[in-house]
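Have a look at the structure below, then the notes.
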Amino acid sequence: MSLVEVLQSKNYHLIDVREPMELEMEGHIEEAQNIPLGEIEDRKQEILNLSGTKVFFCRSGNRSGKAMEYFKSKGMTDVYNGGGYGEVKAALESLS
């Protein structure tokens, strides 16, 4: 399933795993929840409580891949690596 297909489903949550400073410098997506990668384990339950596909993204896709793999190792299947901020932003814009 592609990122656009996940977003078209309208059953997802965007989770930006960049640091708050990066959001200030590079921009952010309004509907995305910011949970830095370093806080993922401590905020695991908050993420588990979200319904739909959890779409992680960061600057390049590396940290979001780590977040996705962490949750896959916990048995979650409704996780997706959205890649970089630019990719997610472009995909959202293509749908509007």
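Owing to the predicted nature of the structure, the values given are computational and were not obtained by experimental measurement. All values below were derived from every heavy atom in this structure, side-chain atoms included, with hydrogens, water molecules and symmetry-related copies excluded.
- Pairs of residues two or more places apart, or lying in two chains, that qualify as side chain to side chain donor-acceptor pair (under 3.5 Å) and include a residue from residues 32-44 are Gln33-Glu46, Glu39-Arg43, Arg43-Glu46.
- Rounded to the nearest 0.5 Å, atoms CZ (Phe56) and SG (Cys58) are 11.5 Å apart.
- Listed by first and then second residue, the salt bridge (Lys or Arg N to Asp or Glu O under 4.0 Å) pairs involving residues 64-87 are Lys54-Asp78 (not counting sequence neighbours).
- Cluster annotation: Ile47 and Leu37 are assigned to the same hydrophobic cluster (Ile/Leu/Val/Met/Phe/Trp/Tyr, side-chain heavy-atom contacts under 4.5 Å, transitive).
- A salt bridge (Lys or Arg N to Asp or Glu O under 4.0 Å) check over residues 2-16, counting only residues at least two apart or in different chains, returns the pairs Asp16-Arg18.
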Just list the side-chain donor-acceptor pairs under 3.5 Å for residues 89-96, sequence neighbours left out, or say none.
from, atom 1, to, atom 2, distance (Å)
Ser94, OG, Ala91, O, 2.7
Ser96, OG, Glu93, O, 3.0

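- Linking Ile, Leu, Val, Met, Phe, Trp and Tyr residues whenever their side-chain heavy atoms come within less than 4.5 Å leaves Met76 and Tyr80 in two separate clusters.
- The cluster map of Ile, Leu, Val, Met, Phe, Trp and Tyr, joined by side-chain heavy atoms under 4.5 Å apart, puts Tyr85 and Val6 in the same cluster.
- In terms of heavy atoms, Ser51 sits closest to Asn11 at C-OD1, 4.3 Å.
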Candidate pair Val55 and Val79, rule side chain to side chain contact (heavy atoms under 4.5 Å, CB included), full reasoning
CA-CA 6 Å; Val55 179; Val79 292; over 6 Å; no
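- Between Ser64 and Gly83, the closest heavy-atom pair is OG-O, 3.5 Å.
- In the hydrophobic clustering, where aliphatic and aromatic side chains (Ile, Leu, Val, Met, Phe, Trp, Tyr) are joined below 4.5 Å either directly or transitively, Met21 groups with Met25.
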Take Phe57 and Asn81 through the side chain to side chain contact (heavy atoms under 4.5 Å, CB included) test and state the conclusion after the steps.
CA-CA 6 Å; Phe57 69 97; Asn81 181 1; 5.7 Å; no
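- Put simply, Ile29 and Tyr12 are part of the same group of oily side chains (I, L, V, M, F, W, Y) that touch within less than 4.5 Å, one to the next.
- Under the rule for a salt bridge (Lys or Arg N to Asp or Glu O under 4.0 Å), the partners of Glu22 that lie at least two apart in sequence or sit in another chain are Arg59, Arg63.
- Hydrophobic clustering (ILVMFWY, side-chain heavy atoms < 4.5 Å, transitive): Leu48 and Ile35 are in one cluster.
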